[in-house]
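Whatever order the structure lists them in is the order used to number ligands and atoms, beginning at 1.
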Amino acid sequence: MNQVAAISSDQSGTAGKVNLLDFDRQGLRDFFAQLGEKPYRAEQVMKWIYHHLESDFANMTDVGKALRAKLEASCHVGPPKTLVDKAAADGTHKWLLGMDGRNAVEAVYIPEPTRGTLCVSSQIGCALNCQFCSTGAQGFNRNLATAEIIGQMWVAAKQLGNVTHQNRRITNVVMMGMGEPLANFDNVVRAMSLMRDDLGFGLASKRVTLSTAGMVPMIDKLSEVIDVSLAVSLHAANDELRTELVPLNKRYPLAELTAACQRWIARKPRTSITFEYTLMKGVNDQPEHAKQLIRFMRKLPTCKVNLIPFNPFPGTRFERSDAETIRAFQTQLLNAGILTMLRRTRGDDIDAACGQLAGQVNDRTRRSAGIRQRVDQEVSNAL
Ligand code: SAH
């Protein structure tokens, strides 16, 4: 894979330097070769970066002095800047991370008794315009660089006191933050390969999950280049409703999505795909919708469903389904023999729940104008 490292443009003495967080293992080896260094040196440095979370070359004590000086002169380890660091009552943690002085994205850490999950963003905003997602309503600015994606994990690991291979706090990563990860394919794959790599964060394939709104050709491509888990945002199992909720469905309708998922399973027989289904009151939560979902799942018998109660955000026209409706929906699926989990809503007191991530998006699509108008209207109605 051709790697182009981002040359830093910030003002903190790193201008013009190569950001080493932009390289996966092979890329770093190639880069060291260009510097006239042995490739194993790259691996030594990688361990410092990801196992010891060290960004200062001066502290990389088993790296020769001359090489340290060379690295200091032309490179840096440049994670995103932490602008805000918030903890919720339930232990959920959210960071607002500055990317380039004009934009910021959010990353969320969700601790549970047996695991700790980090939710990572892949783009500044999102171009897909899913109707029920606050990121979608913010419009789109640009793809994140590899360094900006893996940098979210680096910052979180450092701040949480993550110790690789020991009592690590981050045991799972989900690419379920802002953006459509498959629309930023190369950078996301490179970042995930650093999450998987033993010299990186060393997570097993089951513990790194990419979630997509259904970019069919990229699902195939993903299965060819890296071993990770797949989640698909479904939200409706009939084309008319799904196209309304997830406009990408017009381009890749359910029949094509189903076939792509079947190909994924055929290539990885021991894996499953999780279908995310956000429940919105009166929109997709009725018994007939559950029936359609059951019919859909019959074509993918080893897969499972993750129900997400809708998380409201300012300006949205949707509401969360009632607890009773949610329970009935889940029961209908379970009775049909479909493994169905209900995602607990975490961190909603700090707006860190699914679909609430907003960050600061310098919208280039003008989509956010509409939602801002609606928010202003709501505020003025409330006064
Ligand atoms: N673009 C990718 C990654 C985002 S993942 C994707 O669509 O899969 C975020 C998950 O949260 C998706 O399943 C998304 O559909 C869901 N989601 C978005 N907005 C939500 C909201 N307001 N309430 C609950 N879930 C939401």
> Hey, are the side chains of Lys250 and Pro247 touching, using non-hydrogen atoms and a 4.5 Å cut-off?
Replying inline: no
> Among Ser211, Pro309, Gly179, Ala183, which residue places a heavy atom closest to atom 1 (N) of ligand 1?
Replying inline: Gly179
>> Main chain of Ile338, side chain of Thr340: is a donor-acceptor contact present, judged purely on distance under 3.5 Å?
In response: yes
>> For the backbone of Phe275 and the side chain of Asn306, can you confirm whether one donor and one acceptor N or O come within less than 3.5 Å of each other?
In response: no
Interfacing atoms of ligand 1 (cut-off 4.0 Å, heavy-atom, [X]):
| X | value |
| --- | --- |
| Ile308 | 24 (C), 25 (N) |
| Ala213 | 6 (C), 7 (O), 8 (O) |
| His235 | 13 (O), 14 (C), 15 (O) |
| Cys133 | 18 (C), 19 (N) |
| Asn311 | 21 (C), 22 (N), 23 (N), 24 (C) |

> Looking at Phe185, does the NZ or CZ of Lys221 lie under 6.0 angstrom from its six-membered ring centre and within 45 degrees of the ring axis?
Replying inline: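 Yes - Lys221 lies over the ring of Phe185, closer than 6.0 Å to its centre and within 45° of its axis.
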> Lys268 and Asp227: salt bridge (Lys or Arg N to Asp or Glu O under 4.0 Å), yes or no, with the steps?
Replying inline: CA-CA 9 Å; Lys268 301 169 186 283; Asp227 203 8; 3.2 Å; yes
>> Would you say Thr171 and Arg115 are linked by a side-chain donor-acceptor pair, where the criterion is simply a distance under 3.5 Å?
In response: no
> How does Met176 reach ligand 1, by side chain, by backbone, by both or by neither, if only non-hydrogen atoms under 4.0 Å count?
Replying inline: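 Near ligand 1, Met176 shows its backbone as well as its side chain.
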> Using a heavy-atom cut-off of under 4.0 Å, does the side chain or the backbone of Thr212 touch ligand 1, or both, or neither?
Replying inline: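 Backbone only; the side chain of Thr212 stays clear of ligand 1.
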> Any N or O on Ser134 sitting closer than 3.5 Å to an N or O of ligand 1?
Replying inline: no
> Considering distance alone, does some N or O of Phe132 sit under 3.5 Å from an N or O of ligand 1?
Replying inline: yes
Distance-only donor-acceptor pairs under 3.5 Å for side chains of residues 175-184, two or more places apart:
| residue | atom | partner | partner atom | Å |
| --- | --- | --- | --- | --- |
| Glu180 | OE1 | Ala213 | N | 2.9 |
| Glu180 | OE2 | Leu182 | N | 3.1 |
| Glu180 | OE2 | Thr212 | OG1 | 2.8 |
| Asn184 | OD1 | Asn187 | ND2 | 3.3 |
| Asn184 | ND2 | Ser122 | O | 2.9 |
| Asn184 | ND2 | Leu144 | O | 2.9 |

> So is Gly177 in contact with ligand 1, going by heavy-atom distances below 4.0 Å?
Replying inline: yes
>> Working note: Lys281 + Phe318, criterion side chain to side chain contact (heavy atoms under 4.5 Å, CB included); need CA distance, chi angles, decisive distance, verdict.
In response: CA-CA 7 Å; Lys281 192 180 208 158; Phe318 297 108; over 6 Å; no
